[in-house]
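For reference, the structure is listed below as structure tokens.
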Amino acid sequence: MEDDLSQALNSVSLEQKDSKMDTFGLYVVTWNVATAEPPDDVNSLLQLNSPKKTDLYVIGLQEVKAAPLKFVTDLAFEDSWSHLFMNTLAPLGYIKVSSIRMQGLLLLFFSKLEHVPFIRDIQVTYTRTGLYGYWGNKGGVSIRLSFYGHMLCFLNCHLTAHMNYASQRVDEFEYILDAQTFDTKNTPRILDHKVVFWFGDLNFRIEDHGMLFVRNCITSQRYNLLWPKDQLTMMKQKKATLQKFEEGPLDFQPTYKFDLNSDNYDTRVQKTWFGFNKIWVKDDQVSFTDELFQVYVNKDEIPVLGGECVLCYYSSNLQCIVGISQPFKVQESRAAIEEGLVPENINGLDETVSS
């Protein structure tokens, strides 16, 4: 799949007046399936062999295949993803209580049969944010209900993509919160519910770090080095709406972006700079202000013959490459070539690496 899956199993405590049950197991799945057909087996995805008790399954999918003919067929006969989850969970005593589909967004709610009599006031709704609110490829779908008298709401979102649109993602989320209303006196809006679960392909990224630095942190499992540049964490410091939500610990590797049908991060990124001249830059060769970054390199490290180059930033503190620039063109030095001043080590690579 293009995006991998992320999943959470939480034990949620609620005070019960009419039931001996003090806690229940809630399992939430969010998965961008990248228009692929369902796999043969989702036992691992749902952790069906886990010793922890699961009372409720909430499954949010994004980019479910929504070609016009396929979408109409799904509306009439139930989509293949819903079929798979129902066929998997029904034999284990679960029933599909509710679902909602908006183009590629799908939200499913399953409950153990014993809890169904205590689930009331189910309502679903959706909000489009794609193409200025006219297209449902982006947006949010939600299911709200009363569970043993406690008002719960589940919101599955697919927000706008790309690195530079973090603020727009927050704007879309706030628009969804404002736009979605329910026909109920005490909880007409999403944030009126006792507990709100917000999940999906939110598309927040890691800012400012070079790809190789990110990969090094992932390999060494030093995820804490990535937290300060997590866009959702950064936006949460600015937006009061986001501060109403609590996020679990970021003790897992980033979930974007993978080669299709694999657990390998997008190898196209690795290939983009392989054929370029590398100019190596270390900590003491970089200076910056709020408006300007400057890089100082020895003239011997610049390829006199010119060509396509990239700057490779090596951090002595972290002992790893922390970034690679976009490719740029270096013109050949005709004077140096004519005067026979071409150094034996054109790129200065051997000396830099050995030091």
Flag for N32-E63: side-chain donor and acceptor within less than 3.5 Å: yes
Interatomic spacing from CD in Q221 to CD in Q253 - rounded to 0.5 Å: 8.5 Å
Check each of T30, L107, L108, V29 against V58 using the side-chain contact (heavy atoms from CB on, under 4.5 Å) test, and report the only one that passes. L107
Check: Y265 ring centre within less than 6.0 Å of F258 ring centre: yes
Residue of the set K194, Q123, R144 for which side chain to side chain donor-acceptor pair (under 3.5 Å) holds with T187: R144
Can you label the angle between the H115 ring and the F147 ring as parallel, tilted or perpendicular, going by 30° and 60°? perpendicular
By salt bridge (charged side-chain N to carboxylate O under 4.0 Å, His left out) - contacts of K96 (at least two apart): E78
Among N156, V28, L46, which residue satisfies the side-chain contact (heavy atoms from CB on, under 4.5 Å) criterion with I59? L46
Less than 6.0 angstrom separating the ring centers of F173 and W198, yes or no? yes
Pairing donors with acceptors under 3.5 angstrom, does anything connect the side chains of R205 and N203? yes
Can you sort out the partners of S146 under side chain to side chain contact (heavy atoms under 4.5 Å, CB included), two or more places apart, ordered by chain and number? R120, D121, M151
Are R189 and F182 in a cation-pi setup, meaning NZ or CZ lies under 6.0 angstrom from the ring centre and within 45 degrees of the ring axis? no
For the rings on F252 and Y223, is their centre-to-centre separation under 6.0 Å? no
